[in-house]
Amino acid sequence: MSSPIVTRFAPSPTGHLHIGGARTALFCWAFAKRHGGRFMIRIEDTDQARSSEASARGILSDLAWLGIHWNDGPRLDLGGGVVLGEQSRAVGPYFQAQRRDIYDAYIEHLFAMGRAYPAFETNEELEALRKAAAAKKQTFKYPRPADVKFGEAPAARIARAKAGEPHVVRFVMPDTPVIVTDEVLGEVKYAAGEVDDFVIRKADGFPTYHFAVVIDDELMGVTHIMRGQEHLNNTPRHVALQQALTRLKDDRDATKGSTGARFRTPLYAHMPLIFNMDGSKMSKRDKDKAAREAVKKAGIKDAATLGVSAISDGQFNDWMGDPTRQLPGEVLGQVARRVKINLPEIEVEDFKKAGYLPEVINNFLSLLGWSPGGDVEKFDMAFLASHFDLARIGKTNARFDRVKLLAFNTDAVTTMPVERFADRFRAWCADYAAPLAALPGPLFTMLCTAVQPRCKTFKDAADQAAFLLVDDAALTLDPKSVEKHLRADNGAGLGVVREVVAALKALPSFEPATIHAAIEAFAASKGLAGQLGKIAQPLRVALTGGTVSPPIDLTIALLGRERALGRLERALG
RNA sequence: GGCCCCGUCGUCUAGCGGCUAGGACGCGACCCUUUCAAGGUUGAGGUGCGGGUUCGAUUCCCGCCGGGGUCACCA
């Protein structure tokens, strides 16, 4: 049996899942599915200071929400009997921090082969060397110490290290060119000496990314590595490592010797990057940037004016004055509401909160740097899983067009069966709009029929329901709308409202159809058959305070007899 | 700056020596309309520049220009 195709997505748990990471995961997933292979998740938590368990959990659940399910990796119970990672191959653990004994064994192995050595320079010393190089306009490359020889075990250095001297471990790069073969970019050649002796184990004993990734991909049977182009220049390091290494008989004990089997070099496919529309990197800092600009534009100059309790004056000034400063997500959300902006979505969770459909996000994402060819543009996960191929991955960076994403989402959300919309919208409301989720079933269903045809996202749908949620007594009418639709023409609008109230009161039931018929009859009696707007707009203003709401009959029915009539009469004064 | 990658409408892209250079989002116009959306019809809009190769270049080669990535004890 030929070995199966194995792809992996290997996030470092230092934050939320970035939308670009989601695309990488999606492509890895699709490629594995396409070839009947396995998709694996590995958590690269070798940075002690920045990694967190919570972040890993968040990333996992974001992936699950997107429908990017893994065969191998951490266990995640999705409920309903679905448990991701349950059927994993026995190649774990999937958290690198739990694999240190393996990395250490392979470091010993490299020592023995004369392909790694302890290095004792301090950070400060290295920094000084870098500065000196920069001053001479040269690129800094770590100079291999004179006593280190390719292929010779560095006994003296190892003794110093064993004696407890602080050190890192560096890899002995070969003095030959390294050729990287990439499935999308072709052959990329790096001249000998271009890459210096990089660190493979940090002073804290944890492996660096370069080392852990190579060991794990080999041990875990990864056959295809798909990642962003920002990793292209890392690849010669990985290839050099693969060429230097052979498998240990016992992955946790170098003293038992090597099997002599060389490490494989997986197939690489580097994908184009995704940027903002203005060409800048998509960064979570963009959210702070947008909020900061809105605050500035609103002329808010101190914390008191901003009026977000979690922000003190000092914090306000720090945040406004430092483009790198970030507010906690919740606080940032409050600021955004205060200055009435939507924060740009950067992380998967942002899109979820904004009410985007996961299948739409996947569809849209798969068009960034990949294309099924021809005019095909709208498709689902099943299509991706059966059509995705490396040959169609592009080489040019893409810009993330939120407007187009929104158009895709609008299409999906407005064309699905209303029952489905109701189910999914309710699930969304449970997380992000509790008062709506609490609506009685029939009312919620009616709300869906009213709102689905004209919403772009679930958030949008929820916003359109705001008139329903506000207390009748707290409803404020927009002055401009009142002027235009109620008071103008000597109160023509008010007259309409008055007469409609009478007609409505006479109605035996308050079903949308009944209301609709009543309003049409009223329009006909007024000779306004073709211009329902003359009737609907005054009612809308009186009922909702503004000029935009679902169709007027539904707006009335949604409020119900008592509230609708109450609001209308209140508007009449 | 060194090294590396890239270059089709504003944006995402199709094209893999011969096409009126196609689609989608956005934009304009018109239609529909009970507000706002959505929808329908329709229009404008692109091969970065210069050399080659070829009967013929969007497509192949070179140079230029432009954009991006990377130069950590972060991944």
Side-chain angles (χ1 to χ4, degrees), chain A residues 10-14 44-47 49-51 119 121-123 126-127 130 134 136-141 166-170 180 182 184-186 188-191 194-196 198-204 206-210 212-213 228-236 270 272-273 275 277 279 281 364 367-378 392 394-408 410-411 414-415 452-456 460 464 481 485 516 519-520 523 530-537 539-541 544 546-553 555:
Chain A
S12 73
T14 55
E44 311 222 325
D45 54 351
T46 55
D47 183 333
R50 298 199 302 152
S51 296
E121 292 80 7
T122 63
N123 253 321
L126 290 174
E127 203 41 58
R130 281 196 193 92
K136 284 188 283 183
K137 292 194 171 179
Q138 284 170 356
T139 307
F140 172 76
K141 291 201 184 86
H167 66 282
V168 299
V169 175
R170 287 178 183 270
V180 172
D182 185 89
V184 350
L185 266 14
V188 184
K189 185 174 172 183
Y190 294 85
E194 196 55 55
V195 180
D196 63 8
F198 56 98
V199 174
I200 57 178
R201 188 171 68 194
K202 300 178 265 187
D204 66 4
F206 280 81
T208 60
Y209 159 72
H210 300 301
V213 92
Q229 261 176 35
E230 76 266 22
H231 283 295
L232 182 61
N233 291 331
N234 289 151
T235 313
H270 287 94
L273 272 16
F275 294 95
M277 284 304 275
K281 256 188 197 176
F364 182 72
L367 260 14
L368 264 28
W370 184 77
S371 155
D375 293 343
V376 182
E377 203 171 45
K378 297 265 176 83
R392 300 199 65 88
K395 302 178 182 185
T396 68
N397 293 337
R399 295 184 185 214
F400 192 90
D401 187 349
R402 285 194 178 71
V403 179
K404 181 162 178 172
L405 201 218
L406 188 61
F408 272 41
T410 303
D411 179 56
T414 56
T415 58
Q452 186 197 6
R454 49 185 37 73
C455 72
K456 297 169 187 283
D460 190 20
Q464 289 179 39
S481 305
H485 297 287
H516 183 78
I519 290 181
E520 285 217 312
Q531 345 174 25
L532 273 182
K534 286 254 178 10
I535 295 164
Q537 286 309 80
L539 290 173
R540 216 176 315 260
V541 174
T544 71
T547 56
V548 180
S549 85
I552 200 63
D553 44 359
T555 300

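The sequence lines fix the lettering, A, B, ..., with proteins before strands; numbering per chain opens at 1.
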Under 4.0 Å from OP1 or OP2 of [N]: is there any side-chain N or O of [X] that close?
X	N	result
A:R130	B:rC73	yes
A:K395	B:rC6	yes
A:K141	B:rC71	no
A:R392	B:rG15	yes
A:R170	B:rC73	yes
A:T547	B:rC36	no
A:K202	B:rC74	yes

Point-to-point distance, once rounded to the nearest 0.5 Å, from [atom1] of [X] to [atom2] of [Y]:
X	Y	atom1	atom2	value
A:H210	A:T235	NE2	OG1	10.0 Å
A:L405	A:T410	CG	OG1	9.5 Å
A:E44	A:T14	CD	OG1	11.0 Å

Have a look at [X] and say if it touches a base, only the backbone sugar-phosphate, or nothing, with a 4.0 Å heavy-atom cut-off.
X	value
A:K281	sugar-phosphate
A:N123	base
A:P550	base
A:K378	nothing
A:H516	base
A:L185	sugar-phosphate
A:F198	nothing
A:N234	base
A:V199	sugar-phosphate
A:A203	base
A:Y190	sugar-phosphate
A:T46	sugar-phosphate
A:E127	nothing
A:G369	sugar-phosphate

[N] base / [X] side chain donor-acceptor hit below 3.5 Å:
X	N	value
A:R399	B:rC12	no
A:T139	B:rG1	yes
A:E377	B:rG23	yes
A:K404	B:rC12	yes

Steps toward side-chain hydrogen bond (donor to acceptor under 3.5 Å, both in side chains) verdict (A:T555, A:S549)
CA-CA 7 Å; A:T555 300; A:S549 85; 2.9 Å; yes
Specify the separation, in whole Å, of atom [atom1] of [X] and atom [atom2] of [N].
X	N	atom1	atom2	answer
A:D375	B:rU13	CG	C1'	10 Å
A:L273	B:rG69	CG	P	7 Å
A:F206	B:rC74	CZ	P	11 Å
A:Q464	B:rU35	CD	C1'	11 Å
A:E520	B:rU33	CD	P	12 Å
A:Q531	B:rU35	CD	C1'	15 Å
A:Q229	B:rC5	CD	C1'	6 Å
A:H231	B:rC5	NE2	P	18 Å

Watson-Crick or G-U wobble partner of B:rG2, both distances under 3.5 Å
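Per the H-bond distance test, B:rU70.
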Salt bridge check: are A:E377 and A:K404 linked by an N-O gap of less than 4.0 Å?
yes
Decide yes or no for A:E194 and A:P236: does some side-chain heavy atom of the first lie under 4.5 Å from some side-chain heavy atom of the second?
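No; the side chains remain at least 4.5 Å from each other.
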Taking the six-membered ring for Trp, are A:F408 and A:F364 parallel (under 30°), tilted (30 to 60°) or perpendicular (over 60°)?
perpendicular
Could you give the distance separating B:rU58 and B:rU20 at their P atoms, to the nearest angstrom?
13 Å
